[in-house]
2 protein chains.
Amino acid sequence: MFEPVTIKDIAKALGLSTSTVSRALRDTHEISPATKKMVLDYAKEIGYQPNPIALSLKERRSKSIGVVVSEVANSYFSQAINGIESIAYDRGYHVIISQTHESYDREVVNVQHLASRSVDGLLVSLSSQTNDISHLKQLHDKGLPMVFFDRVAEEINTHKVIANNEKGAYEATAHLIRSGYKRIAHLTSSSQLSISIERLSGYEAALNDHGLTVNADYIKHCPHGGMIYEETESKIKELLALDEKPDAIFVAGDRLSTGCLSVFKNLSISVPGDMAIAGFSNSDVLDLFNPSLTSVRQPAFEIGKLATQMLIQLIEAKYPVEEFEKKVLDTELFVRNA
Amino acid sequence: MFEPVTIKDIAKALGLSTSTVSRALRDTHEISPATKKMVLDYAKEIGYQPNPIALSLKERRSKSIGVVVSEVANSYFSQAINGIESIAYDRGYHVIISQTHESYDREVVNVQHLASRSVDGLLVSLSSQTNDISHLKQLHDKGLPMVFFDRVAEEINTHKVIANNEKGAYEATAHLIRSGYKRIAHLTSSSQLSISIERLSGYEAALNDHGLTVNADYIKHCPHGGMIYEETESKIKELLALDEKPDAIFVAGDRLSTGCLSVFKNLSISVPGDMAIAGFSNSDVLDLFNPSLTSVRQPAFEIGKLATQMLIQLIEAKYPVEEFEKKVLDTELFVRNA
DNA sequence: CTGAAAGCGCTAACAA
DNA sequence: TTGTTAGCGCTTTCAG
C-alpha cells in the first residue's frame, strides 16, 4: 500500500550495485564524483527515503528513547517533556512517551513494552505506587541506559536529575512560618517516593529551625498523589478533625496543590483566611487562581533537557560509564497572597 | 552492551533449526507438542524477547503511530493523547508524539521525521500557522493512513474527528446574549484553521439568531493561538480602544481563554463586571479561577479514542478504504459566574 | 513434523 | 572505484 523505493530500485535503474548506491548516498570518499551525482540526483528525483528500520536492525539501535511519566496532563511533566524533546530532536532521537497514571502495574507493563520495542535508553520518573523497582533494575543490569528524573530510585546506580526538593520545601514552609502560621500541616504523596522523602525533610528542617515541633498527625500521605479527589478530600478532613486544627498546609505536589484548593473551595473554607496553603506546582495559570497559591516551581524544562543530555551521553558512550552523578536544580518560590 | 538472546541462540542450545524455534514460538500447528514445550520453556528460562525491529523489517510495518499536536502542555491535547494512548496500547501500537508549537516549519519537519521513521499512520491536528498542507497531502497520496482531529484539513480526503465547534460556539455566545450582553467580541486563532472557521460561524449564527449584527471590528485573530502573551494582549487592547467597546468576549481556544483572563487581570479590568468572558477550554482547574470562566469543554479523551480507532482500522484494512467519515462530538457548556 | 534457504533494506568486509 | 557477499533477527516457502 505504502510505496517502497529502496536502494535496490536505484541500483537496478542505474545499472549499479546496491553497495555503490549505498556508498554514494552515504557520501564515502571511495566513490567517483560522477556516480555519486548520478545516484544522488536520481534518489532525489524518485524521492528515496532510507528505511530506518533496516538501519536499526543492522546497527542494533533504534535512535529512540522511552519516557516514563505518571501523566502528560500535568504541568510539570509536560514541561519536562518539552525539555526532553528539545534535546532528543536535535540529536536525532525519537521520543516515545508512556504514562503510568500513578499505577505500578502500568509502569511495569510500559517499561517492558518500551524495552521490547528496543528503545536505546529510558528516562524514568517513578509512579507514586512503585515500591519494587526490579523491573527497572533488571533492564539496567542488562545494560539498558537509564536516567531518572524527579522521582528517582536511589537503589539504581545511574544518572539522576532532580529539583532541590528539600530546599524548595524548606523555603515554602519557612514562608508560611514567617507569615505567622504556627500549626503547619504537610500533605504529600506516597511515603516511599524520593520527592516525598526530600520534601518532608525540608518541611521538618524548616519547622525545627524555627522552633516548631514536628507533629506526626499533621503529616498526611495521599498514595495516589492527588489523582483521586476523594483521597485528597478525606486526608484534609482528617486534618480538619484534629483537636489542634492546623492553620496552614504545605503541599508537596502539583496535582495535590490544586486538589487541595478545590477541596477547600468546595468545603467553603476560606484560603488563606481559615487556612493558608503553599505548595509545589508548575501550573502556568496559577496567577488566575483564587484563592491564590504560593507555589514552589521546579525548572521542569531544564530538568528534562539535562536528563536527556545525560541519557544520550550514556547511550553513545564508547565505553561503559562507571561514574554517575546526581544533578540538583534550584526551585523558585512564588509568593502569592489573596 | 545490551545483551541479545535471539532465536538462533535458542536453536543452537536446543539443537534445532531457527525455523523450528520460530514455529514453536509462534504457536503454529505444524509442530510437535514436545518440541514446542521444550522451546517455550527454554525461551522463558533465558528470557527471550523477540526483536520487534526485525519483525518490522520483515512485515514492513512498525506498529507505531505518530501524533502531531501543537503542544502537550495544553489540557485539550493532553487529554486527547490519553484517549489515543488508551486505544493504541490495547491494540499493540506505540504512540510517538511530536509537537509543532504552532509552527508550520516544525510541523513539516515533524511529519517528515515521523514518516521517515515509518510510522504506520498519523494522527494530525494542524498547527495554527499551517496554510499549505502539501507535506501531508504528499504522504497521504502515497498511501500513508492518516486521521485528522480537532484542526482538520478539509482538502485531504480521510477520516476526521472533531467537536461540534459551531454548536459549542453558538451556545457560548447565546449564553452571553441571554446574560444581557449586546456587544460581544470574538477572539480567535488564525483564520484559516478549521476550528476558527467553525467557531466563528457558530458565533455569527448566535448573533444573527438573536437580532444582533456581526461587527467585523469585534473579531480579532491571534495567529499564534495564545502562545504569545503580547499578541493576545495587543488584540484585546485593540478591542478596548474601539469607540463602541465590547462588553463581552467569546474566546475560541484554550490558551487564548486563559491568556485573555490574564490580560484582564493585569489590566485590572473586572471580569465579568466590566467585561464578560466565555471561551473554549479543557482545563480541569477552571473552578479555581477568579475571575471565573464560562467554558465550552470538548470531549477530548473521546476524540482521541475515536480518531485512534479509525486510524488503526485504516492501517489494518485489507483493502484500500474509499469511504471516509467525519465524526462530530458534542461539546459541553459550563456556566460559571463570579 | 523439521530443516535449509531466501528475503525484508541496509552496510561493510573482501575481492576485483 | 566498483561489485560480490554475508549478515543484522525473523518468518516463510519449499523440500525432505
Side-chain angles (χ1 to χ4, degrees), chain A residues 1-40 42-43 46-64 92 115-120 142-143, chain B residues 1-40 42-43 46-64 92 115-120 142-143:
Chain A
M1 206 159 169
F2 197 20
E3 156 198 349
V5 186
T6 77
I7 233 174
K8 208 192 249 173
D9 298 331
I10 302 183
K12 201 181 300 171
L14 263 39
L16 293 168
S17 77
T18 58
S19 43
T20 305
V21 175
S22 170
R23 275 188 280 253
L25 258 17
R26 317 209 57 249
D27 199 22
T28 46
H29 31 277
E30 40 177 22
I31 184 108
S32 82
T35 332
K36 186 197 281 184
K37 187 176 176 349
M38 179 173 71
V39 172
L40 289 177
Y42 185 70
I46 62 169
Y48 168 78
Q49 287 282 80
N51 179 334
I53 292 179
L55 248 169
S56 293
L57 180 59
K58 179 138 246 309
E59 308 193 345
R60 299 142 142 280
R61 63 203 179 77
S62 59
K63 273 280 189 171
S64 68
S116 81
R117 285 297 301 182
S118 28
V119 291
D120 296 338
K142 273 211 215 167
Chain B
M1 207 157 168
F2 196 24
E3 157 199 346
V5 187
T6 75
I7 233 174
K8 207 194 252 174
D9 298 331
I10 302 182
K12 202 181 299 170
L14 264 38
L16 294 169
S17 77
T18 57
S19 38
T20 305
V21 175
S22 170
R23 276 189 278 253
L25 259 16
R26 317 211 55 253
D27 199 25
T28 44
H29 32 275
E30 40 177 21
I31 185 109
S32 82
T35 333
K36 187 198 280 186
K37 186 176 177 350
M38 179 171 72
V39 171
L40 289 177
Y42 184 70
I46 62 170
Y48 168 79
Q49 288 280 81
N51 180 335
I53 293 180
L55 248 170
S56 293
L57 180 59
K58 180 136 246 307
E59 307 193 347
R60 297 141 140 280
R61 63 203 180 81
S62 59
K63 273 277 187 177
S64 67
S116 81
R117 285 298 300 182
S118 28
V119 291
D120 296 338
K142 272 210 216 169

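Everything numeric in this text was worked out from a predicted model, so none of it was measured. Chain A is the first sequence line, chain B the second, and so forth, proteins listed ahead of strands; every chain is numbered from 1.
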- [ ] Round to a whole Å and report the spacing from NZ of K12(A) to C1' of dG3(D).
- [x] 17 Å
TODO: Would you mind reading off the distance between L14(A) atom CG and dT2(D) atom P, rounded to a whole angstrom?
DONE: 11 Å
In a table with atom names and distances, give each donor-acceptor pair under 3.5 Å that connects a side chain of residues 5-17 of chain B to protein atoms at least two apart or in another chain.
residue, atom, partner, partner atom, Å
T6(B), OG1, K8(B), N, 3.0
T6(B), OG1, D9(B), N, 3.3
D9(B), OD2, T6(B), N, 2.8
S17(B), OG, S19(B), N, 3.4
S17(B), OG, S19(B), OG, 3.0
S17(B), OG, T20(B), N, 3.2
S17(B), OG, T20(B), OG1, 3.0

- [ ] Nearest whole angstrom, please: distance from the P of dG7(C) to the CD1 of I53(B).
- [x] 23 Å
Task: R60(A) CZ - dC10(C) C1' separation (whole Å) - done: 15 Å
Open item on the list: If I take atom CG in residue L25(B) and atom P in nucleotide dC10(D), what distance separates them, rounded to the nearest angstrom?
Closed with: 8 Å
TODO: Please state how far atom CG in L55(A) lies from atom P in dC8(C), giving the value in whole angstrom units.
DONE: 16 Å
Open item on the list: Using whole Å, what does the distance between atom C1' of nucleotide dC1(C) and atom CG of L16(B) come to?
Closed with: 11 Å
- [ ] Return the 5'-most residue of the pair G15(B), A54(B) with respect to DNA chain C, ranking by each residue's nearest nucleotide.
- [x] G15(B)
Task: Phosphate-side-chain proximity, Y48(A) and dC10(C), N/O vs OP1/OP2 below 4.0 Å - done: yes
Open item on the list: What is the distance, to the nearest angstrom, from the NZ atom on K8(A) to the C1' atom on dG3(D)?
Closed with: 15 Å
With the criterion being N/O to N/O and under 3.5 Å, what pairs connect the protein with nucleotides 12-16 of chain D, and how long is each?
residue, atom, partner, partner atom, Å
dT12(D), OP2, R26(B), NH1, 3.4

Open item on the list: Students often get this wrong, so: under 4.0 angstrom with heavy atoms, is I31(A) touching a base, only sugar-phosphate, or nothing?
Closed with: sugar-phosphate
Open item on the list: Any base atoms under 4.0 Å from T35(A), or only sugar-phosphate, or nothing? Heavy atoms, all strands.
Closed with: sugar-phosphate
